[in-house]
Structure formats: structure tokens, C-alpha cells
S.K.: 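Have a look at this one.
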Amino acid sequence: MLRDESITRQRIRPGTVRRIVPYALRHRWPLAALLAATGVDAVITAANPLILKGLIDDGITPGRMPVVVWLSLSIAGLALVDAAAVFAQTWVSGRVGQGLVYDLRTTAFDHVQRQPLAFFTRARTGSLVSRLNTDVVGAQQAVTSLLSQTLSTLLTLTLVLATMFYLSWQITLAALAMVPFFLLPAKAIGRRLQRLTREGMQQDAEMGTMMSERFNVAGAMLAKLYGRPEEESAEFAGRAGRVRDVAVATGVYGRMFVIIVSVLTALTTALVYGVGGGLAIAGTLQLGTLVAMVTLLLRLYGPINQLTNMQINVMTALVSFDRVFEVLDLEPLIAERPDARPAAVAGPAPDIEFDGISFHYPGRGEVGLASLESPTAGVERNDAVPILNEISFRAPAGRLTALVGPSGAGKTTITHLVPRLYDPTAGTVRIGGQDVRDLTMASLRDTVGVVSQDAHLFHDTIRANLTYARPDATERDLIEACEAARIWDTIEALPNGLDTVVGDRGYRFSGGEKQRVAMARLLLKSPPIVVLDEATAHLDAESEAAIQRALKTVLAGRTSLVIAHRLSTIRDADQILVIEGGRVLQRGTHEELLSAGGLYAELYRTQLADQATG
Ligand code: ADP
């Protein structure tokens, strides 16, 4: 198969080859088996003509029947051994290749899932998935073909040539002198074919684009309103014509390649017969040697032909490996310090302290691989826009701190800093007096529980979604958590109860119900700190009441940071922070803030009025 020449011109980062070695070494025994099988195959390929020579010169010519029988049998035996070796070759190279895919995929998956949230908000999922699919498979295919084909090509070539030289160096040299006549046109035609193939792909793509643009609803409408069908058809005919011309040329050149190869093979064979025949008549060459030489010669061209593809195969493998390694090289912005300590999860709930926190979202190129980033990410936003400015506050242990303020004020961003979904640009977030960056990720996850506004449920059973937080939870634990989150009645009424499949393509909980499932999930984890973004989706009165009751259980005795959209929720919060423009504008209790006037009192009055009219 001819592959795009541009592949061989790609730049490979230095060190790529060295990095492949450990992956290959993991499969050293299968690799050794592969080498052995390939060796056996190559030896048999080169040895067969020698046996043929013995059969003719030592058996048939002198008329020795036992030699004829014995050598014929050994040719048959070797054929069987060779079949086994070729089978082993295919099997083992498949195993090594797939093992490599497995290694690369699992390593890359593990690495990518540890990337900070900022990475996922910016990366194009498509390109990321393609790295883990297409490139990994590209690496595997190239490696498999390299291992089985190139290895055997090189070995066969060496052994066949050595045998030929051993039998008759004169004929071998004469035959080799023909090789350039074969290689030069082959290379020229190959280049031309590659150009044609690339051009064909381009033309095909353009034709396809034109069809899909004209045939989707919006495009079809535009064409109907403005287009002139005759001109459209003429343009399409032009494109289709170019596709046709390129295809014809590709066919002709492809055929020419085959013809040149067969003509040259025939010419070389004739040459060997001619020169060898002369030597045989002169008595310096035995008949068997001549036959063996011709047989060997025919086995030479296959490998030589494959050598021309080898460079492309090697480069394809390297490019694919390089692209996968690029993903593995992503530096996580948020990493655990080597000397990180576990947070004290047991004992009384710790307090949370924001100390001079400033923050802006990472800009373009700051989260790792620019080639994986969505082209629009960061374009619509000014990257350096400060989102939080010098925010300082303390959320007292075991108490409820509420965040209120207009949308876009930075409330969600504040809550993201506690579980280290992001790290602040300046300042320190402390939990129980410890900088969160000094804590191990695992203990931080156990300490901080988050219920977001649009609580996400995996496409799986309710049970699986709940035990995700605590794999060893018993049936009793699950039911108790659901009861406390005021969602058990709903789940119990489902035909399959806890085993109902939910999520995108499953049973759809309403927004309020989903949040209560998320609260049950959080209760199972039972973290001392709770970060909660109240659901804004319009909740019916009953759902709202259920959420309020669930909240009481979830927040009891825990240090909590709650983004409140309905101010009625937080009338008895221990502390209310009014956030605007990334700053703490006001702070106090409900009563204090109401009597102080300002943004909070304003927000409260507006909501009251809304409720009265709505
Ligand atoms: P709130 O929760 O108070 O409505 P947010 O914290 O969600 O506000 O957002 C504060 C600001 O940060 C907004 O201007 C928003 O556009 C911006 N922002 C939020 N998420 C991101 C992100 N992933 N990347 C860049 N900017 C963001």
C-alpha cells in the first residue's frame, strides 16, 4: 500500500525511539519468539533451493533413488515447519501489537484523567479520543508490520543473498547489476503514485464537502434561494471530472509499476539462465546450482520491493508514537507535592480559610497541549481577565457559609478552589489551617464533598452511581443515604429500584431529584466539608421542600460553603458573603445585611417581589 509521502517528512521529537524501548521490553519473550519464528522462516526460504540443488545434482543426475526420496521428503517436512513458523509469526506479532495498544492506552487514559479540570474545559474531546484510538492503533499497525514484515524481509534478503554468493558469485553479481534498473523506475513511479494518491484524496474530499454542503438543509435552502442549478451542476461536474482523471492516472501508473517489475524479473531470470547455461556447458556450474540460483533469485524481489515501503512504515510508527507520547508528556497543572500529607479526615469538621485569593482561568496554551485545544477556547474570553480579586474570608468549622451575588460574580469559581479543581493564582486556601496544596489528593477528596448545580450521573444504575462514592457501601447504607437525602421514595417506586439505569440514555430524574441523588452520594462519602451549588432550575414547591429537608441532613455538623440562589434558603446561615465582581462586597448574617442595606437587601427585596407576583 502506498502511503502519503508527507508522513516521511514529519518531524519527530528527539528521544522518541529511546522511549519506545521500555514498551517493547515489556514484551521481550513474545519478541524473542517472533525473532525465532522469523529466523526459521528465513532459513527455510534460503535452504529450500539448496535442497533442490542436491536433489538434482546428487539424486536425479547420478540416478540415486534413496537420495531423491529422502530429499523430497525433507522438502515436504520443511514446508510443514515453515507453515508453523509463519503461523507463529502472525500470532505472536498480533499479540505483541495488541499488547502495545493495551499498554499505551491504559497509560494514556490514566494520565489524561489526572489532568486538571482546566484541561478538559479546553481540550477538544475529539482530538483527545483520536490520540487514544487512531494514533495508538497506528503505532500498533506500524509496529506489527515492522516486526513481522521488515524483520523477515531483512533476514530473508541477507540469507538469500549469502546463499546465492555461496553458490555462484559471478551470477549473483550479474543479477545484482540489474537491481538499479529495477529500483530507479520503481522509485520514480512510486513518487508519482504517491503524489497522485494525495491529490486523489484531496479531490475526493473537495467533492465530498461540496455534496455535504449542498445537501444539508441549510445549504440546500441557500442553494434554492440564491443558487443557479446549472452552475452548481457544472461546478460539480468539474470536480467529479478531476476525481475521474486522477483515478485513471493512478490506475495506469499502478499497472505500469507491476509491469516493470515483471519484465525485469523475466529479464534477470533470462540473464541467469543465459550466463548460468554457458557456465554449465563449460562445466564450471552444475545443473542443480543453476536451478537453485533461479529459485533464489525469484525470492529476492519480494523483499527488495518491500524495502521501499520500509521507510514509510518506520516513520508512520514514529509519528504515531510521538503523538501518543505528547499526551503522556502533558504536565498536570495541579499535581500532588512529593511531600504532601494526608488531611485529618476524622475528628471535628475543619474550617476553611481564603487568604488573599486572586484567580484567573488558565489562558490558551497554559494547560498543556496546544494541538489538543479547541480553536475557539480562550478566543472569546480575554485570558488574563481576573475572576477573583484578593478574596479573604473564613468559613467557620461546622457552620454554614452562604455565597450570594449576581451571576458571573465568581461564586462557582470560589467553590472550585476548595477541592483544588483549580489552584489560585495568588493567595492560599487552607483547610483546618493547612494549605490545600500540601495535602494529598486522596485525602482532599475524602475531606471535601461537592454537589454541583447540574449534578452529573453516569449512564449506569443508581446503585453504581451511589457506590461510586463508597464502593463498600451496604444495601442498608444506600437506603439510609437515600432516605436522608429525601429521594428514597422516588427510587423505591421505580420498577427496578436501585438497579434502574439513569443518565443520558436512561431514566431521567428531574433537576431536583438528580441533586438529591447527588446528596445521597455525598452522604455515603460523609465528608467533613461540603461545597454545594443550589439548583436553580425551576423546582416545584414539593421538590424545593424536599431539597430543603435533605440539605438540613447533609449540612448538619459539616463546614459548608453553599451558593444560594433562593435567599429564603439561607436566612439562618451563620455567615453570608455577598460576592460581586470577584470581591466580597458585604458580609454578615441575614438580619445584619438586611438592615445594612445595599446589594443583599436589594436582591432580597427583588426576590420577595418576584415570589409575590410569580
Ligand atoms: P457565578 O458562579 O458567580 O455565576 P462563576 O464563578 O461561574 O460565577 O464565573 C465567574 C466568571 O468566570 C465569569 O465571568 C465566567 O465567564 C468566568 N469563567 C467561568 N468558568 C470559566 C472557565 N472555565 N474558563 C474561563 N472563564 C471562566
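Below, all heavy atoms of this structure are taken into account, side chains as well, without hydrogens, waters or symmetry copies. Just so you know, ligand 1 is whichever comes first in the structure, and atom 1 is the first atom listed for that ligand.
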S.K.: Atoms of ligand 1 less than 4.0 Å from I387 heavy atoms?
M.R.: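 Once the distances to I387 are compared, the set is 10 (C), 11 (C), 12 (O), 17 (C).
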S.K.: In terms of heavy-atom contacts, does OH of Y468 have more than 12 from other residues, nucleotides or ligands at under 6.0 Å?
M.R.: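 No, OH of Y468 has 12 or fewer neighbouring heavy atoms, counting only those of other groups under 6.0 Å.
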S.K.: Hey, looking at atom 1 (P) of ligand 1, which of G408, G405, G582, P406 has the closest heavy atom?
M.R.: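 Checking each option, the heavy atom nearest atom 1 (P) of ligand 1 is found in G408.
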S.K.: One thing to verify: whether D329 and R19 come together as a salt bridge, which I'm taking to mean a side-chain N less than 4.0 angstrom from a carboxylate O.
M.R.: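 Salt bridge between R19 and D329, a charged N being under 4.0 Å from a carboxylate O: yes.
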S.K.: To which of T413, L403, L388 does the heavy atom nearest atom 6 (O) of ligand 1 belong?
M.R.: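 It is T413 that holds the nearest heavy atom.
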S.K.: If you measure from CZ on R399 to CG on D574, what distance do you get to the nearest 0.5 Å?
M.R.: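 Reported to 0.5 Å precision, the distance equals 5.0 Å.
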S.K.: By number and element, which atoms of ligand 1 are closer than 4.0 Å to a non-hydrogen atom of A409?
M.R.: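 Under 4.0 Å from A409, ligand 1 has these atoms: 1 (P), 3 (O), 8 (O).
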S.K.: Is it the side chain, the backbone, both or neither of Y422 that has a heavy atom closer than 4.0 Å to ligand 1?
M.R.: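 Y422 to ligand 1: side-chain contact only, backbone stays beyond 4.0 Å.
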S.K.: Examine distances only and state if a side-chain atom of S358 and a backbone atom of E390 form a donor-acceptor pair shorter than 3.5 Å.
M.R.: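 The answer is yes, because a donor-acceptor pair under 3.5 Å joins these two groups.
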S.K.: Regarding atom 7 (O) of ligand 1: of the candidates I414, T412, I563, V385, which has the closest heavy atom?
M.R.: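 Residue with the shortest heavy-atom distance to the ligand atom: T412.
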S.K.: Going by side chain to side chain donor-acceptor pair (under 3.5 Å), Y600 matches just one of Q586, R605, H590, E592. Which one?
M.R.: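 Exactly one option meets the side chain to side chain donor-acceptor pair (under 3.5 Å) with Y600, and it is H590.
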S.K.: State yes or no: are the ring centers of Y422 and Y361 separated by less than 6.0 Å?
M.R.: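 Yes; Y361 has its ring centre under 6.0 Å from that of Y422.
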S.K.: Within a distance under 4.0 Å of any heavy atom of S407, pick out the atoms of ligand 1 and give their elements.
M.R.: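 This gives 4 (O) as the contact atoms.
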S.K.: Using distance alone, decide if ligand 1 has a nitrogen or oxygen within less than 3.5 Å of any nitrogen or oxygen in G410.
M.R.: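 Yes; at least one N/O pair falls below 3.5 Å.
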